[in-house]
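Note that the structure is a prediction, hence the values are computed from the model and not measured.
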Amino acid sequence: MTPQGKVNKRSYYLDIARGFAVFGMFTQHCMIVHEVSGGEGDSLLANLFVLLGTAPAAPVFMLLMGAFLIKSKASTRQNMWRGIKLLILGIILNLLRFTIPVLIAISLYGRDNLNLAEGETLLTLLFAVDIFHLAGLSLIFCTLIKKITDQKNTIPLLILTVLLASPFLWGRFGSNPFFDPFWGEANTVYFPFFPWIIYPLLGMYLSRYLLSGDRLKSSLRKMGWYGFALSALGVVIFLFSAVGILAFDVLSPIGDYYRSGASIHLLMIGFVLAWFSVCHWLEQTLSIENRIIKVLIYWSKNVTAIYFVQWVLFGWSMLLLDTNKLNAVDAALVGLIVLLLTHFSVKRAGVRKLFAWV
């Protein structure tokens with residue numbers, strides 16, 4: 001999920017941030033898939049694991065994709081084509097993690113005995129909208145923005161427009177494979193383009209600060225303070241939305257992780273901006289030779305393969321263990337097993353080569 005083409009000297013603190021995002025992805029997915037409440041119950045462990053996969057995960061992935069796109073030496077055509085390949089990869093992933101296991105489960109147990117959500121069919125599962133779809137569409141869109149506009153002046157306006165317009169777009173024209181990736185609200189649409197495109201756009205805007213070399217520490221300090229300010233603004237808008245003051249409940253509705261208004265996204269953006277400073281401190285304090293840091297960097301460098309493999313494993317674990325049947329501790333153990341299997345699978349050169357085309 002990183003644009004092709006070499007960039008300048010590697011910024012390992014960004015690898016650390018993305019490596020932590022990979023870890024949060026595992027903790028969230030194991031609870032969503034296997035914990036009895038889907039991570040939304042009274043279990044402190046389940047709630048913590050799900051939280052680790054929110055602001056520190058997808059927003060970091062997507063923001064860094066935008067940041068690296070600015071520095072990428074790849075041509076417009078190469079990045080556009082890679083966006084298309086990410087869309088194809090998303091469909092392949094859905095086939096392997098959802099459609100085939102569910103088809104087998106139907107043949108073994110019958111459809112009526114499966115724990116499928118309302119509206120879920122083999123077709124809707126095949127065209128479920130996940131982060132590969134978002135990454136592909138975002139890469140295409142951001143490549144065009146990079147090509148034809150002045151990012152410094154255009155991007156802030158685009159971000160504001162997307163935040164305000166998204167709630168009015170969700171669910172338009174019903175649910176179908178053509179519109180769902182942009183603004184669908186079905187339960188198989190996890191990362192619609194609106195509003196999640198704001199993160200790669202923000203990454204493009206912040207690229208010159210995140211990769212600023214000698215001025216990095218000063219830039220990160222400033223971003224940290226801006227992050228706290230944006231989080232505070234997000235809290236204010238959240239409170240206004242909760243009580244319906246000045247129509248904020250319409251302009252910034254409080255939804256779920258995948259579809260929420262400006263308040264939630266300001267909170268997540270604020271966290272991410274401050275989080276980069278923490279990751280830079282970890283790089284400076286522990287060094288990149290630390291064993292844990294080296295693992296995080298490895299996960300970051302192989303994030304596409306890791307994301308794909310872990311979801312295939314979680315998909316087939318649903319066939320073996322069913323969904324949402326375990327307590328939080330058992331679900332965490334399943335997550336640990338999937339993490340280890342994924343890590344050592346991606347360590348194999350043959351597995352990594354499977355993703356060389358993307």
Exercise: do [X] and [Y] side chains pair donor with acceptor under 3.5 Å:
| X | Y | result |
| --- | --- | --- |
| Tyr298 | Asp15 | no |
| Ser317 | His34 | yes |
| Gln78 | Thr76 | no |

Which heavy atom of [X] sits nearest to which heavy atom of [Y], and what is that distance?
| X | Y | value |
| --- | --- | --- |
| Val22 | Phe61 | N-CZ, 3.8 Å |
| Asn79 | Thr143 | CB-OG1, 3.4 Å |
| Ala46 | Gly39 | CB-CA, 4.0 Å |
| Glu35 | Ala328 | CG-CA, 3.8 Å |
| Leu125 | Thr99 | C-OG1, 4.1 Å |
| Leu96 | Val312 | CB-CG2, 4.1 Å |

Show me, pair by pair, the donor-acceptor contacts under 3.5 angstrom made by side chains of residues 334-346, not counting sequence neighbours?
{"from": "Thr342", "atom 1": "OG1", "to": "Val338", "atom 2": "O", "distance (Å)": "2.7"}
{"from": "His343", "atom 1": "ND1", "to": "Trp299", "atom 2": "NE1", "distance (Å)": "3.0"}
{"from": "Ser345", "atom 1": "OG", "to": "Leu341", "atom 2": "O", "distance (Å)": "2.6"}

Do [X] and [Y] touch side chain to side chain, with heavy atoms closer than 4.5 Å?
| X | Y | result |
| --- | --- | --- |
| Pro56 | Thr54 | yes |
| Ile159 | Tyr205 | no |
| Ile145 | Leu158 | yes |
| Tyr12 | Ile293 | no |
| Leu157 | Thr161 | yes |

Neighbour count above 12 (heavy atom, 6.0 Å) for [X] [atom1]:
| X | atom1 | value |
| --- | --- | --- |
| Phe238 | CZ | no |
| Lys294 | NZ | no |
| Phe23 | CZ | no |

How long is the gap from [atom1] on [X] to [atom2] on [Y], to the nearest 0.5 Å?
| X | Y | atom1 | atom2 | answer |
| --- | --- | --- | --- | --- |
| Leu296 | Ile292 | CG | CD1 | 7.5 Å |
| Arg18 | Ile297 | CZ | CD1 | 11.0 Å |
| Ile237 | Leu230 | CD1 | CG | 9.5 Å |
| Asn290 | Glu283 | CG | CD | 12.0 Å |
| Leu93 | Phe308 | CG | CZ | 5.0 Å |
| Leu139 | Ile84 | CG | CD1 | 10.0 Å |

Any chance you could lay out the side chain to side chain contact (heavy atoms under 4.5 Å, CB included) test for Leu202 and Ile155, step after step, and finish with the verdict? CA-CA 7 Å; Leu202 182 62; Ile155 287 178; 6.0 Å; no
With no hydrogens and no angle check, is any side-chain donor or acceptor of [X] less than 3.5 Å from a backbone partner on [Y]?
| X | Y | value |
| --- | --- | --- |
| Ser260 | Ile264 | no |
| Ser218 | Arg215 | no |
| Ser37 | Glu40 | yes |
| Ser72 | Phe68 | no |
| Trp311 | Ile306 | no |
| Arg352 | Asn302 | no |
| Asn94 | Ala128 | yes |
| Asp330 | Leu326 | no |
| Lys85 | Trp357 | yes |
| Asn324 | Ile32 | yes |

ring-ring contact (aromatic ring centres under 6.0 Å, His included) with Phe193: which of Trp170, Phe141, Tyr199, Phe179?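 When Trp170, Phe141, Tyr199, Phe179 are each tested with Phe193, the ring-ring contact (aromatic ring centres under 6.0 Å, His included) holds only for Phe141.
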Would Arg259 count as a cation-pi partner of Tyr257, with NZ or CZ less than 6.0 Å from the six-membered ring centre and within 45° of the ring normal?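 Verdict for Tyr257: no cation-pi partner in Arg259.
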Does Trp183 have Arg172 sitting over its ring (NZ/CZ under 6.0 Å from centre, angle to axis within 45°)?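 Judged by the rule (NZ or CZ under 6.0 Å from the ring centre, within 45° of its axis), Arg172 is not positioned above Trp183.
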Does the ring pair (Phe, Tyr, Trp, His ring centres under 6.0 Å) test come out yes or no for Phe173 and Phe178, once each step is laid out? CA-CA 10 Å; Phe173 309 113; Phe178 300 103; over 10 Å; no
Give the intermediate values and the outcome of side-chain hydrogen bond (donor to acceptor under 3.5 Å, both in side chains) for residues His133 and Tyr190. CA-CA 10 Å; His133 302 77; Tyr190 305 109; over 6 Å; no
Going through the distances and angles, do Tyr258 and Phe191 end up as a ring pair (Phe, Tyr, Trp, His ring centres under 6.0 Å)? CA-CA 6 Å; Tyr258 305 111; Phe191 292 100; 5.3 Å; yes
Check: residues 266-281 side-chain donor-acceptor pairs under 3.5 Å, at least two apart:
{"from": "Ser277", "atom 1": "OG", "to": "Leu220", "atom 2": "O", "distance (Å)": "3.0"}
{"from": "Trp281", "atom 1": "NE1", "to": "Thr285", "atom 2": "OG1", "distance (Å)": "3.3"}

Are [X] and [Y] in one and the same hydrophobic cluster, where Ile, Leu, Val, Met, Phe, Trp and Tyr link if side-chain heavy atoms are under 4.5 Å apart?
| X | Y | value |
| --- | --- | --- |
| Val129 | Phe314 | no |
| Met65 | Phe182 | yes |
| Met223 | Phe228 | no |

Tyr307 vs His29 aromatic rings, parallel, tilted or perpendicular, using cut-offs 30° and 60°?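 Taking His29 first and then Tyr307, their aromatic rings stand perpendicular (interplane angle over 60°).
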